[in-house]
J.: 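One structure coming up, written as structure tokens, with questions to follow.
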Number of protein chains: 2
Amino acid sequence: MEPSSREKILEVAEARFAQRGFAGVGMREVAQAAGLGKSSLFHHFESKAALYVAVLERVVERIEGHVLPTLSLGGNVAGRLDAAVDALVDSLGEHPTTARLLLRTLVEDDQLGSEPAGLVAAEARVHSLINAFVGLLREGAGTNELRAAAPAHAVQALIGAAVYHFASGDFGDAVLGRPVFSAESVASYRHELKQLLRSGLLSPSRAPKENLPS
Amino acid sequence: MEPSSREKILEVAEARFAQRGFAGVGMREVAQAAGLGKSSLFHHFESKAALYVAVLERVVERIEGHVLPTLSLGGNVAGRLDAAVDALVDSLGEHPTTARLLLRTLVEDDQLGSEPAGLVAAEARVHSLINAFVGLLREGAGTNELRAAAPAHAVQALIGAAVYHFASGDFGDAVLGRPVFSAESVASYRHELKQLLRSGLLSPSRAPKENLPS
DNA sequence: GTCTATAGCTAGATAGAC
DNA sequence: GTCTATCTAGCTATAGAC
């Protein structure tokens with residue numbers, strides 16, 4: 001079946017908001033790309049800010065759909081962390097605009113004047129996901145399965161590594177020498193990120209004590 | 001001595017571009033914050049895009065000022081990587097808008113219509129810095145000092161972890177429970193990021209072989 | 001649910017006095 | 001080097017016919 005107008009609008013709006021941000025996109029442009037007149041767009045979404053929030057909610061749902069199920073798994077912390085990281089990477093690697101929109105939410109304040117209904121809720125859901133990662137690391141540190149790191153800092157690094165990579169567009173393609181969103185690249189990054197979290201970069205043969213200065 | 005108009009403009013423009021992006025900031029707003037009329041601003045910068053490029057150039061210089069000197073150091077790869085990561089973190093932690101502007105450059109395409117002079121050059125300088133990190137990791141993999149990772153993917157993770165953290169604003173403050181840019185937080189993150197790159201998250205006592213599934 | 005028409009405003013940029 | 005005044009074009013949003 002062909003998509004409803006509402007779905008078509010969300011689709012093109014997501015692509016454009018991801019590329020140029022809230023302020024950089026006009027309602028006229030979105031309407032045209034969706035094959036509608038501008039006024040018809042305001043029939044489906046009462047304001048530009050409401051459209052943005054609707055786009056953001058879809059993105060958050062996409063990520064939650066992957067990550068939430070992994071949080072109720074059993075097993076040791078390392079295994080659950082692996083599963084959660086896999087899910088996060090998959091959710092970002094699956095759709096080329098997810099990471100960019102998430103990053104904008106994390107990094108930009110304001111943008112939409114006079115916070116519209118739903119924005120705070122969407123941000124809270126992102127916060128909740130982040131807190132799940134922090135809790136996991138804290139648990140691992142408590143049971144001594146992970147080293148006594150600063151869990152909040154490690155989670156910041158993890159989020160940055162995961163989200164930035166899939167938001168890096170042309171820059172990322174140039175660094176990799178191939179498309180970030182190719183199936184092989186996504187699989188490689190999933191592996192590489194878990195490996196980095198597990199045991200860093202040093203060769204196992206030289207790991208880790210003899211390289212620690214003090 | 002008090003700052004020239006040009007310096008004052010660059011200062012306020014950087015703060016606003018970092019917060020809301022190129023399209024989200026008006027010349028009127030910048031002028032007012034700099035204590036000038038809008039037309040005076042166009043006397044100093046021939047267009048909004050030219051102003052943005054000037055802001056970006058300052059940011060790139062700030063990062064180069066920290067990182068470039070570390071690239072000519074001697075010693076083993078792990079030591080040089082530590083020095084480069086320290087420099088990167090310091091350059092981002094020193095000024096609260098550096099990371100956000102760098103992130104926008106890495107993540108956003110287009111924005112400024114019909115690329116103004118200097119933009120391509122600034123992007124090339126960022127590329128060159130990234131390539132230095134890739135080269136360092138490649139060298140370490142060649143001498144077996146680092147495990148045979150995918151250097152490009154590892155660098156993507158490193159950049160994301162470093163840049164995102166200092167761009168994460170209120171979200172980062174909430175995750176940490178204290179300001180991202182406090183002196184202690186910057187020092188902690190510098191340490192944590194190096195530690196993560198060196199040996200990951202697992203406890204040294206359980207590291208790394210016995211946790212690898214295959 | 002889609003359209004045309006338009007209101008009301010702000011944007012980037014320019015002209016020219018001082 | 002700063003200003004006021006102005007141009008053109010874009011914006012979000014609304015009114016109301018069909």
Side-chain angles (χ1 to χ4, degrees), chain A residues 1-56 101 104 108-119, chain B residues 1-56 101 104 108-119:
Chain A
M1 70 182 184
E2 58 185 50
S4 68
S5 286
R6 191 187 156 89
E7 281 164 354
K8 182 73 183 166
I9 293 167
L10 286 169
E11 206 172 294
V12 303
E14 177 170 341
R16 274 152 184 85
F17 281 140
Q19 196 166 34
R20 295 198 301 283
F22 178 76
V25 178
M27 292 296 261
R28 182 198 182 119
E29 176 192 352
V30 173
Q32 198 164 336
L36 288 171
K38 191 175 52 169
S39 299
S40 307
L41 211 155
F42 280 95
H43 172 79
H44 293 277
F45 300 94
E46 69 172 350
S47 70
K48 185 185 176 184
L51 171 59
Y52 188 86
V53 170
V55 167
L56 184 61
L101 276 161
R104 288 189 190 281
E108 298 182 345
D109 319 316
D110 297 54
Q111 292 284 76
L112 344 181
S114 70
E115 319 215 316
L119 176 63
Chain B
M1 70 182 186
E2 60 185 50
S4 68
S5 285
R6 191 187 157 88
E7 281 163 355
K8 181 74 182 167
I9 293 167
L10 286 169
E11 206 172 294
V12 303
E14 177 171 341
R16 275 155 183 81
F17 282 140
Q19 198 167 31
R20 295 199 299 284
F22 179 74
V25 178
M27 293 296 261
R28 182 197 180 120
E29 176 193 352
V30 173
Q32 196 164 336
L36 288 170
K38 189 175 55 167
S39 299
S40 307
L41 212 156
F42 280 94
H43 173 78
H44 293 279
F45 301 93
E46 69 172 351
S47 70
K48 185 185 177 185
L51 171 59
Y52 188 85
V53 170
V55 166
L56 183 62
L101 277 161
R104 288 189 189 281
E108 298 180 346
D109 318 316
D110 298 53
Q111 290 284 73
L112 345 180
S114 69
E115 318 214 317
L119 176 64

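Naming convention: chains lettered A, B, ... in sequence-line order (proteins, then strands); numbering from 1 in each chain.
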J.: Find the distance A:Q111:CD to D:dT12:C1' and express it as a whole number of Å.
T.: 16 Å
J.: Nearest-Å distance, NZ (A:K38) to C1' (C:dG1)?
T.: 18 Å
J.: Taking only side-chain N and O atoms of A:H44, does any of them lie within less than 4.0 angstrom of OP1 or OP2 on C:dT2?
T.: yes
J.: In whole Å, I'd like the distance from the NZ atom of A:K8 to the C1' atom of C:dT2.
T.: 17 Å
J.: For a quick check of understanding: with a heavy-atom distance under 4.0 Å over all strands, which category does A:V30 fall into, base, sugar-phosphate or nothing?
T.: nothing
J.: Going by the angle between their ring planes, with limits at 30° and 60°, are B:F22 and B:Y52 parallel, tilted or perpendicular?
T.: perpendicular
J.: Between D:dC3, C:dG12, C:dT6, spot the one nearest the side chain of B:L36, thanks.
T.: D:dC3
J.: Counting only side-chain heavy atoms from C-beta out, which of D:dT12, C:dT2, C:dA13 sits nearest to A:H43?
T.: C:dT2
J.: Measuring from A:S39:OG to A:M27:CE, what's the distance to the nearest 0.5 Å?
T.: 10.0 Å
J.: With rounding to the nearest 0.5 Å, note down the distance linking CG in A:L119 to CG in A:L56.
T.: 7.0 Å
J.: Starting at atom OH of A:Y52, determine the distance to atom C1' of D:dA13, rounded to an integer number of angstrom.
T.: 21 Å
J.: Find the distance B:E29:CD to C:dG12:P and express it as a whole number of Å.
T.: 9 Å
J.: Taking only the side-chain heavy atoms of B:F42 (C-beta and beyond), determine which of D:dA13, C:dG12, D:dT2 contains the nearest atom.
T.: C:dG12
J.: Write down the protein N/O and nucleotide N/O pairs, taken from nucleotides 16-18 of chain D, whose separation is under 3.5 Å; answer none if there are no such pairs.
T.:
none

J.: Expressed as a whole number of angstroms, how long is the span from B:Q32:CD to C:dT10:P?
T.: 12 Å
J.: Would you kindly give the CZ-to-P distance between B:R16 and C:dG12, to the nearest whole Å?
T.: 13 Å
J.: Determine whether B:L51 and B:F17 make a side-chain contact, defined as any pair of heavy atoms from C-beta on separated by less than 4.5 Å.
T.: yes
J.: When the distance from CD1 of B:I9 to P of D:dG1 is rounded to whole Å, what number comes out?
T.: 11 Å
J.: Quick check: does any side chain N or O of B:K48 sit under 3.5 Å from a backbone N or O of B:V25, one acting as donor and the other as acceptor?
T.: yes
J.: Between A:R28 and A:E46, just flag the one whose closest nucleotide in DNA chain D comes earlier from the 5' side.
T.: A:R28
J.: Checking the side chain of B:R104 only, and the main-chain atoms of B:A18 only, is there a donor and an acceptor separated by less than 3.5 Å?
T.: yes
J.: Are any of the side-chain heavy atoms of B:V55 and B:F45 separated by less than 4.5 Å?
T.: no
J.: Does A:S47 place a side-chain N or O at less than 4.0 Å from the phosphate oxygens OP1/OP2 of D:dT12?
T.: no
